[in-house]
Amino acid sequence: MAFMFRAASVAIFLLLPVHAIVAQPASSQGFHSRARLISGGQQGDVWLAGIEITLDQGFKTYWRNPGDSGLPPRFDWAGSENVAGAEIRYPAPDRHEDAAGVAYVYGKKVVLPVLVRAKDGTKPVRLALAAEYGVCKDICIPARADLSLDLTAGGQDRAAIAAALAKVPRPQALGAPSDLAVLSVEPMTQSKPAFSVTVRAPEGTKPSLFAEGPENWIVSTSVPDDANRFTVTVEDRPKEAAAAVPLRLTLVAGGQSVETEVSLDANGLPR
């Protein structure tokens, strides 16, 4: 079912016209959304920047993995000047379930922090971004923003970028002794490859788990049971899979989030 919803979303992306946006120096107005680039100045040898997307009431956009339905964001920095690399960090998303399936989303406003490295630290850095992202209420519509920004030492939006960085899941080993942790991954007997993920979460919170496989692997995640166990199911995978496949598990609860990587075998079972 997840595969069918994903295929339908891609079809919508290809068939519907991209809504035109009038480009401005650092911001654009789009379909029920506004996008802009923001600057946080320098931090060591890295420039801090951010992609800010503000949504109209009731609309949402998508995490790097949109889930069963929705459109993953795409960011192209090819037009930038004096940029050796631009690494986007993703704050933890929310889980949204409706008739189209389960989607991983942001609502109202999201800032995606960007860590920018200059080719030459003695020269100015100019960002140029071609962004495509989905905007959804009842149906998903692709929006496009063409943005540019000169990074300066002022960094007037540093606080917003720092707040967004604080929401980015921190890497954590399997079984870590913390209040929020992925404790174990065990295979299950089902018609499709699946495994049970047991987590620890702060008392009184309801955790959410987001599972991501490599390209062309589609996995779905249940809600937790009373023992904080999730079922992660491999809905689709390539016929020729590598012997060891990384799986990234993002666990969110109580305003905290962690990211744990495990390994699957070619059949989609934990190693």
Side-chain angles (χ1 to χ4, degrees), residues 2-3 5-6 9 61-75 85-96 101-106 110 112-115 133-134 164-188 192-201 207-224 228-238 241-271:
F3 177 75
F5 283 132
R6 178 70 58 80
S9 298
T61 191
Y62 296 91
W63 191 42
R64 64 189 175 213
N65 172 10
D68 294 343
S69 61
L71 307 172
R74 300 173 182 172
F75 302 113
E87 180 186 351
I88 300 173
R89 299 287 180 88
Y90 289 86
D94 294 317
R95 176 189 169 98
H96 176 82
V102 177
Y104 307 148
V105 303
Y106 301 115
V110 62
L112 305 179
V114 185
L115 307 184
Y133 58 95
L165 281 169
K167 298 177 183 178
V168 174
R170 66 183 187 276
Q172 185 171 272
L174 183 68
S178 64
D179 290 342
L180 184 67
V182 178
L183 299 178
S184 65
V185 179
E186 301 292 340
M188 300 176 65
K192 294 180 179 180
F195 43 98
S196 174
V197 178
T198 302
V199 308
R200 182 192 298 121
S208 294
L209 187 71
F210 307 91
E212 300 171 272
E215 187 176 4
N216 298 323
W217 283 68
I218 298 177
V219 295
S220 64
T221 309
S222 71
V223 295
N228 278 344
R229 289 183 302 232
F230 295 84
T231 298
V232 177
T233 304
V234 179
E235 303 288 354
D236 195 37
R237 67 184 190 276
V245 176
L247 182 75
R248 180 162 46 188
L249 300 173
T250 299
L251 177 63
V252 183
Q256 304 178 57
S257 57
V258 297
E259 188 176 275
T260 299
E261 287 206 4
V262 297
S263 184
L264 303 181
D265 64 21
N267 295 316
L269 298 175
R271 292 164 58 91

Closest approach of [X] to [Y] (non-hydrogen atoms, all atoms of both residues):
X	Y	value
Pro169	Thr250	CG-CG2, 3.7 Å
Thr231	Ala194	CG2-CB, 4.5 Å
Ala92	Val252	CB-CG2, 3.6 Å
Phe230	Pro224	CE2-CD, 3.4 Å
Asn216	Pro238	O-CD, 3.5 Å
Leu112	Pro91	CD2-CD, 3.8 Å

- Query: Aromatic rings Tyr90 and Phe75: how do their planes relate, parallel, tilted or perpendicular, breaks at 30° and 60°?
  - Reply: tilted
With rounding to the nearest 0.5 Å, note down the distance linking [atom1] in [X] to [atom2] in [Y].
X	Y	atom1	atom2	result
Leu183	Arg229	CG	CZ	12.0 Å
Leu71	Tyr133	CG	OH	12.0 Å
Thr233	Ile218	OG1	CD1	13.0 Å
Leu251	Leu180	CG	CG	4.0 Å
Phe210	Trp63	CZ	CH2	6.5 Å
Leu249	Phe195	CG	CZ	6.5 Å

Taking [Y]'s backbone N and O only, do any of them form a donor-acceptor pair with [X]'s side chain (distance below 3.5 Å, no angle check)?
X	Y	value
Glu261	Ala173	no
Thr260	Gln172	yes
Arg200	Ser178	yes
Asp68	Val102	yes

- Message: Under the criterion side chain to side chain donor-acceptor pair (under 3.5 Å), I'd like the reasoning laid out for Glu235 against Ser220: C-alpha separation, chi angles, the key distance, then a yes or no.
- Response: CA-CA 7 Å; Glu235 303 288 354; Ser220 64; 2.6 Å; yes
- Could you walk me through whether Glu259 and Arg89 pass the salt bridge (charged side-chain N to carboxylate O under 4.0 Å, His left out) test, one step at a time? CA-CA 12 Å; Glu259 188 176 275; Arg89 299 287 180 88; over 6 Å; no
With a 4.5 Å limit on heavy-atom distance, are the side chains of [X] and [Y] in contact?
X	Y	value
Pro187	Ser196	no
Pro214	Pro246	yes
Val105	Pro93	no
Tyr106	Asp94	no

- Task: For the pair Val234 and Lys192, evaluate side chain to side chain contact (heavy atoms under 4.5 Å, CB included) and give the outcome as yes or no after the intermediate values.
- Result: CA-CA 7 Å; Val234 179; Lys192 294 180 179 180; 6.0 Å; no
- Val232 and side-chain contact (heavy atoms from CB on, under 4.5 Å): which partner among Val197, Val262, Val185?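 Option passing the side-chain contact (heavy atoms from CB on, under 4.5 Å) with Val232: Val197.
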- Item | Arg95 vs Val223, side chain to side chain contact (heavy atoms under 4.5 Å, CB included): CA-CA, chis, key distance, verdict | CA-CA 10 Å; Arg95 176 189 169 98; Val223 295; 3.6 Å; yes
- Given the rule in the side chain to side chain contact (heavy atoms under 4.5 Å, CB included) test, do Arg64 and Tyr104 qualify, once you have shown the distances and angles that lead to the verdict? CA-CA 9 Å; Arg64 64 189 175 213; Tyr104 307 148; over 6 Å; no
